[in-house]
Student: 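This is the structure I want to talk about, given as structure tokens.
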Amino acid sequence: MQYNHLDIEKKWQEFWAKNQTFKASNPVLSNVEGQLEKPKYYVLDMFPYPSGAGLHVGHPLGYIASDIYARYKRHKGFNVLHPQGYDSFGLPAEQYAIQTGQHPAKTTEENIKTYRRQLDQIGFSFDWSREVRTSSPEYYKWTQWIFIQLFNSWYNKDTDKAEDVAALISVFKKEGNATVNAVCDEEIASFSSDEWNAFSTKEQEEILLQYRLTFLSDTEVNWCAELGTVLANDEIVNGVSERGGYPVVRKKMTQWSMRISAYAQRLLDGLETIDWPQPLKESQRNWIGRSQGAMVTFKVDSGAIKSTSEVKLSYKELEALKVLRLNLSKAEAILWDELKNKKGAAKFRKKYTIGTFLVDYVCLAKNIIVEFSGKEDEAARAEFFTSEGFNFVRFTNQEVIDNVLAVVSKINNTIQFSKPIEKLESNQNVIASETKQSAYKIDVFTTRPDTIFGVSFMTLAPEHELVAKITTDAQKADVQSYITATAKRSERDRMADVKTISGAFTGAYAIHPFSGEKVQIWIGDYVLANYGTGAVMAVPCGDQRDYDFAKHFNIPIPNIFEGVDISEAAHADKDGTKIANSDFLSGLKYKKALKLAIFEMEKRGFGYGKINYRLRDAVFSRQRYWGEPFPVYYKDGMPQMIDEKHLPIVLPEVEKYLPTEDGKPPLGNATEWAWDSRNKKVVSNEKLKNKTVFPLELNTMPGWAGSSWYFNRYMDATNATEFASKESLDYWKEVDLYIGGSEHATGHLLYARFWQKFLFDKGVVPVDEFAKKLINQGMILGTSAFVSIFEGSFIAEDDDLSSTTDTKILFSKSVIDVINKNRILYYDFWNKPTISDDEIIEKYHVAEADVVKVKNLYGTLLELAKKLGFKSILWNKEVLKVRSIHADVSFVNSSDELDLEAFKNWRAEFKDAEFITEEDGAFEVSREVEKMSKSKYNVVNPDDIVTQYGADSLRLFEMFLGPLEQAKPWNTAGISGVSSFLKKLWKLYYNEEVFEVSEEKATSEELKVLHKTIKKVEEDIENFSFNTSVSTFMIAVNGLTALNCNKREILEPLLVLLSPYAPHISEELWSQLGNKESISTVDFPVFDAKHLVESAKNYPISFNGKMRFTLELPLDLSKEEIEKAVLENEKTIAQLEGKAPKKVIIVPGKIVNIVS
RNA sequence: GCUGAAGUGGUGGAAUUGGUAGACACGCUGGACUUAAAAUCCAGUGGUCAGUAAUGGCCGUGCGGGUUCAAGUCCCGCCUUCAGUACCA
């Protein structure tokens, strides 16, 4: 009987589905007999996004590897969890919906069907009873639930974990926020318990939002107009969107954010405990970007600062002003409505600057300032306003809202009875300079506080708020023009141009906190405003950028390193260098100096040790339809969580999937999207007039929401009452082996770790890292096929040149090679048609055969030119002009020959093209390795492979291609190797048409083959070296075929070894051997070393390290006996040519080396 | 620039702690079977030189050094490719 993969594979796939062979049980729950003793093992693939294109052969690579491992673990006696599902929310389905109006749920459903069919036919041992889909309400109910948990939590730095907000509130009630050590927004005003209790509910909610782990905030986001949504940092590549490559701009929006920064240190520390690939860990470390150093404060020298009234704001502040004027608060707007109507002398302006202070309203004619109270620097403002001759009035928000008319009348009163205050000229300078000296300081973060004595200047970002305040008159023009110039450059330009050094001197000086020396203050756009404090202390001798800047502007470069030459470049190396010229730090090494510097700073009070992270909080809102809705409604503008018992909040139906006309997200199109807080359900928007009905959140969650916890759901996938039961979470704990692509390094894998740690803090999950071991499978690349088209010129009968745009001559690959190799010959043929073969052979020393070949081809081409109506082709000594186009790889056979008919049918424009073929009529393409993609016509569909060669062949071949982690090209031609291996295997069990397996005892030779295989395959699987075990199987089958072995003792265990790789054929032969049960949980054969023991070794005999011949010697010989035997050998004597060996090295069982 | 990975026949790739480089497979060449093709089977296949041949010599793991009896493997210095990241103070 012939091996028929089609029947066998169908039969066993049906068998597995019917018998639920791979269903994993939760023993604690089900108390399945015998399962309790089995150790658990959880193998997971990164679940796929079901795209419309279906799978190509690159996709299953990781699934095959994990499937082999899962099946192997079953043979090894583990209770294996190996689930699969779909990350089914996402952009492509929505884009498709926008284009066609089809509901994304529908296309997603269809795509999933295709995926499932494709996955099934490859024979994966997934437990489909646990399938999850992120877009199904039963699943996202729990995504919403986790969101609520995050909302109700804050990060306590003292306990270093997330805790309940309820506990935080009780602290606020009792003692205010002074004792709370939380990860929260910057600049939270401190309040006492009395103040807290006096706050309105809304004010309290506003404050709490600043602590919650997920919070609403106005954040600068990456807005992608083409996609109509914001993108996370990791969704942007080189300034454009990862998906689609559309431009991205910075924009301020109110968004949900996740306080992932709270977990920065723990995310970093956790990396030490997990077995993940080094590069992946490295990119997470980069992304988190921890830098340890110190915050240092430099005071600004008062000497050169001009008077405050001349101060102009920086352009950044001016921009901010414009925005402020447009966005007045409710109280501000009410008051402005009244004030702006005042005519004549009492004309008010809003949001105006007086000196460096921003005032709410001012009437310049009457010298009256009107402000809202509650500003931090009220005392300083009062002092300055008085000194500048202003009267001022202050009101609270509440006063204005309650009775604006009373407020206005009070203002009128002040105008009427204002006492003109004399400006005290003599006094003013004194007051001003005193306040200034203490007012202006520059905070910097440095990772090298040990080099602080090397500071010779400071650099501020041009946008830094101090710039305008400290710039001297003399430098004003310079600074202004520099600021204007930088402002014009986009962020991308600034990033792209690293080489140009630019900057400007402000004229101001800072005081070195240790030495008291004056240090120049510069501005330069190499300093980024939104990183750190937007200012650096420049140490030119130790930092290359500072060095270049100093060199460029002729700023001194003090050397603070002992015995280091810094005349050419900065010395950035920290280890092994001693600090010099640095007061109390001199003579110390990096580490000691660093600690001492921080210690001194803290003692003297102008600095402290600090750790900075690059990791920013993650924006969690997307202006999209096809994602998880938030369980959130808005009451009085403040977000409210819907109680978890009313979850899931199901995605509403919409007319169209685009943003609304007034720019709201697509959910703004929904008509049934309001929350009835009395009846606890989603109702029609028409009811929004009711006092108990509120608008629901219009944003949806990002793609990473659903994928950040799905691995936990698989443990108890159908649980309707819980996220997952505690018992199943405690049993399965974490993923033991996680396989997926490296593109998720900083997205999915970082966010998932963050959520896992959060859920761990809250006691939901038992472990704080979700995957013990992770492997990145390498990409499978496509082997594209190219056809070359002639693009040179012809010579017409009248000797005119003619281009070839409408003539199509296609060259087979080796034709091009021949022409390129002999271009000069062609040129000669063309130039001197009378030249004889002998002349050519003599002139160019080429073989006669080549000349014939060249001449034939020349004739063909000449004929062709004539046929097209030309005299000949224009030959050129240097180049043959051709252009290459992709040909679909499905038209190309294993010998790189193109199916011309198929090609012509595919590309109509080449129907009447001329094909210059090989002598045998074949047409060859040239091949190149590229990424597998539709546009390159090199996509190979696994369906075709499975139909032609079978799933077992596909599985073996994908593994055989090379190491799992490595990128490698796909070439379908190679699959015949594994295919014929399976046929050979089949033949071991058959005698012609009859299944025939002998019960005889196996010979030691046969046992040796088997046990070698057991040993190697087991080692390989444990090391995830799947490619080498495929070779091992081939060697075994070749060996057994040579031995003519058909003994059960060998052939039965062989099937178990093979079954993880080629499960269908193994099951089939296993059952033909008379076994009734599936092979899937049969014990893995045990390796026995005794079968490998040899009595003799074929020793390689080397001379000076070079192997000359081999010599078979018994293994039980002593060193002396081996030496004697080798030296007596005639070949040795011949090699030595009479010389005496200087030394003989003998490694018994390994090698003999003779040094002569 | 920095970080990480990797450079081995025509191709994909093997090679334990340093110990016979090129396993296994594709492709190619030759042969068997066939009217023919496909399929299958057998043999050969790193380069080069010598020899009718058996066989033998030399060179060979990106480049240049080094350690060692012995280096694809270890050390030093370069080059190239791929991936990630980037004015991160």
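Proteins come first, then strands; the chains are lettered A, B, ... in the order of their sequence lines, and each starts at number 1. Just so it is clear, the structure is predicted and the values come from calculations on it, not from any experiment.
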Student: Say we look at B:A39 and B:U20: how far apart would their P atoms be, to the nearest angstrom?
Tutor: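 Their P atoms lie roughly 38 Å apart.
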Student: Mind checking A:Arg290 for me? I need base, sugar-phosphate or nothing, with any heavy atom below 4.0 Å counting as a touch.
Tutor: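 If one applies the 4.0 Å heavy-atom cut-off, A:Arg290 turns out to touch nothing in the nucleic acid.
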Student: Can you find a heavy atom in the side chain of A:Val444 that is under 4.5 Å from one in the side chain of A:Met295?
Tutor: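 When only atoms from C-beta onward are counted, A:Met295 and A:Val444 do not touch, as no gap falls below 4.5 Å.
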Student: Reckon A:Pro277 touches a base, only the sugar-phosphate, or nothing at all at heavy-atom distances under 4.0 Å?
Tutor: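 Nothing, no heavy atom under 4.0 Å.
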Student: Under 4.0 Å between any heavy atoms, over every strand shown, what does A:Asn612 touch: base, sugar-phosphate, or nothing? Just pick one.
Tutor: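 The answer is nothing, as A:Asn612 stays clear of every strand by at least 4.0 Å.
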Student: Of the options B:C24, B:G13, B:A89, whose atoms approach the side-chain atoms of A:Ile1035 most closely?
Tutor: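 Looking only at side-chain atoms, A:Ile1035 lies closest to B:C24.
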Student: Give A:Asp543 one of three labels, base, sugar-phosphate or nothing, depending on what nucleic acid heavy atoms sit under 4.0 Å from its own.
Tutor: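 Nothing, no nucleic acid heavy atom in range.
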Student: Nearest whole angstrom, please: distance from the P of B:G57 to the NZ of A:Lys1106.
Tutor: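 A:Lys1106 atom NZ is separated from B:G57 atom P by 11 Å.
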Student: Given B:A15, B:U40, B:C69, identify the nucleotide with an atom nearest to the side chain of A:Lys983.
Tutor: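 Nearest listed nucleotide: B:U40.
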Student: Side chain of A:Met1034, heavy atoms from C-beta onward: which of B:U20, B:A89, B:C24 has the nearest atom to it?
Tutor: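 Closest nucleotide among those given: B:C24.
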Student: Under 4.0 Å, heavy atoms only, any strand: does A:Gln278 hit a base, just the sugar-phosphate, or nothing?
Tutor: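 The residue A:Gln278 makes no contact with any strand.
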Student: Checking A:Tyr989 now: which residues fulfil ring pair (Phe, Tyr, Trp, His ring centres under 6.0 Å) with it, not counting sequence neighbours?
Tutor: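 None.
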Student: Does any donor atom in the side chain of A:Asn971 or A:Thr783 lie under 3.5 Å from an acceptor atom in the other side chain?
Tutor: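 Absent: no donor and acceptor within the cut-off.
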Student: Reckon A:Thr1028 touches a base, only the sugar-phosphate, or nothing at all at heavy-atom distances under 4.0 Å?
Tutor: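 It contacts sugar-phosphate atoms only.
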Student: From C-beta outward on A:Lys1016, which listed nucleotide comes closest to its side chain: B:G19, B:C26, B:A15?
Tutor: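 Comparing B:G19, B:C26, B:A15 against the side chain of A:Lys1016, the answer is B:A15.
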Student: Report yes if at least one side-chain N or O of A:Arg285 is closer than 4.0 Å to OP1 or OP2 of B:G84; otherwise report no.
Tutor: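 For B:G84, neither OP1 nor OP2 has a side-chain N or O of A:Arg285 closer than 4.0 Å.
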Student: Would you mind telling me which of B:A15, B:C26, B:G19 lies closest to the side-chain atoms of A:Lys1150?
Tutor: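 Taking heavy atoms from C-beta onward, the closest nucleotide is B:G19.
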Student: Tell me, which stems hold RNA chain B, with a stem being 3 or more Watson-Crick or G-U pairs in a row and both distances under 3.5 Å?
Tutor: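 Looking at RNA chain B, the stems formed by three or more consecutive pairs are B:1-7 with B:79-85, B:10-12 with B:24-26, B:27-32 with B:40-45, B:46-50 with B:55-59, B:62-66 with B:74-78.
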Student: Is A:Asp1020 reaching over with its side chain to a backbone N or O of A:Phe1026, donor-acceptor style, under 3.5 angstrom?
Tutor: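 Judged by distance alone, no pair lies under 3.5 Å.
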Student: Roughly how many Å is it from OH in A:Tyr1099 to C1' in B:G19, rounded to a whole number?
Tutor: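 A:Tyr1099 atom OH is separated from B:G19 atom C1' by 12 Å.
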Student: Among the candidates B:C41, B:U20, B:G19, find the nucleotide nearest to the side-chain atoms of A:Lys984.
Tutor: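 Nearest to the side chain of A:Lys984 among the choices is B:C41.
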Student: With heavy-atom distances below 4.5 Å as the criterion, would you say the side chains of A:Val57 and A:Glu958 are in contact?
Tutor: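 Yes. Closest side-chain heavy atoms under 4.5 Å.
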Student: Indicate, with a heavy-atom threshold strictly under 4.0 Å, whether A:Val1155 touches base, sugar-phosphate, or nothing.
Tutor: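 Here A:Val1155 touches the backbone only, sparing every base.
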Student: With a non-hydrogen cut-off below 4.0 angstrom, is A:Ser976 in contact with a base, only sugar-phosphate, or nothing?
Tutor: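 Result for A:Ser976 = sugar-phosphate.
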Student: From B:G84, B:A89, B:A21, pick the nucleotide closest to the side chain of A:Val536?
Tutor: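 Closest of the options to the side chain of A:Val536: B:A89.
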Student: A:Lys987 side chain: which of B:C24, B:G13, B:U40 is closest?
Tutor: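 Selected nucleotide (nearest to the side chain): B:U40.
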Student: Is a donor from one side chain sitting under 3.5 angstrom from an acceptor on the other, for A:Thr1110 and A:Tyr1099?
Tutor: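 There is no such pair (donor and acceptor under 3.5 Å, judged by atom type) between the side chains of A:Thr1110 and A:Tyr1099.
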Student: Give the nucleotide from the list B:C87, B:U3, B:U20 with an atom nearest to the side chain of A:Tyr526.
Tutor: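 The listed nucleotide nearest to A:Tyr526's side chain is B:C87.
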Student: Can a donor-acceptor pair be found between the side chains of A:Ser261 and A:Tyr613 at a distance below 3.5 Å?
Tutor: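 No - no donor-acceptor pair under 3.5 Å links their side chains.
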Student: Please determine whether a side-chain nitrogen or oxygen atom of A:Asn1098 lies at a distance below 4.0 Å from atom OP1 or OP2 of B:U20.
Tutor: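 A:Asn1098 to B:U20 OP1/OP2: no side-chain N or O under 4.0 Å.
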Student: Taking OP1 and OP2 of B:A25, is either one under 4.0 Å from a side-chain nitrogen or oxygen of A:Asn1038?
Tutor: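 So the side chain of A:Asn1038 is within the cut-off, an N or O lying under 4.0 Å from OP1 or OP2 of B:A25.
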Student: Whole Å only: how far is the CG atom of A:Leu956 from the P atom of B:C26?
Tutor: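 One finds 13 Å between P of B:C26 and CG of A:Leu956, rounded.
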Student: Rounding to an integer number of angstrom, what distance separates B:C63 and B:U11 when you compare their C1' atoms?
Tutor: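 Looking at atom C1' only, B:C63 and B:U11 are 24 Å apart.
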Student: I'd like to know whether NZ of A:Lys551 has more than 12 heavy-atom contacts from other residues, nucleotides or ligands below 6.0 angstrom.
Tutor: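 Check passes, neighbour count above 12.
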Student: Start with the C-alpha distance between A:Glu1019 and A:Asn1023, add both sets of side-chain angles, then the distance that settles side-chain hydrogen bond (donor to acceptor under 3.5 Å, both in side chains), and finish with yes or no.
Tutor: CA-CA 6 Å; A:Glu1019 281 169 4; A:Asn1023 294 320; 5.9 Å; no
Student: Taking only side-chain N and O atoms of A:Gln966, does any of them lie within less than 4.0 angstrom of OP1 or OP2 on B:A83?
Tutor: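 For A:Gln966, the contact criterion (side-chain N or O under 4.0 Å from OP1 or OP2 of B:A83) is not met.
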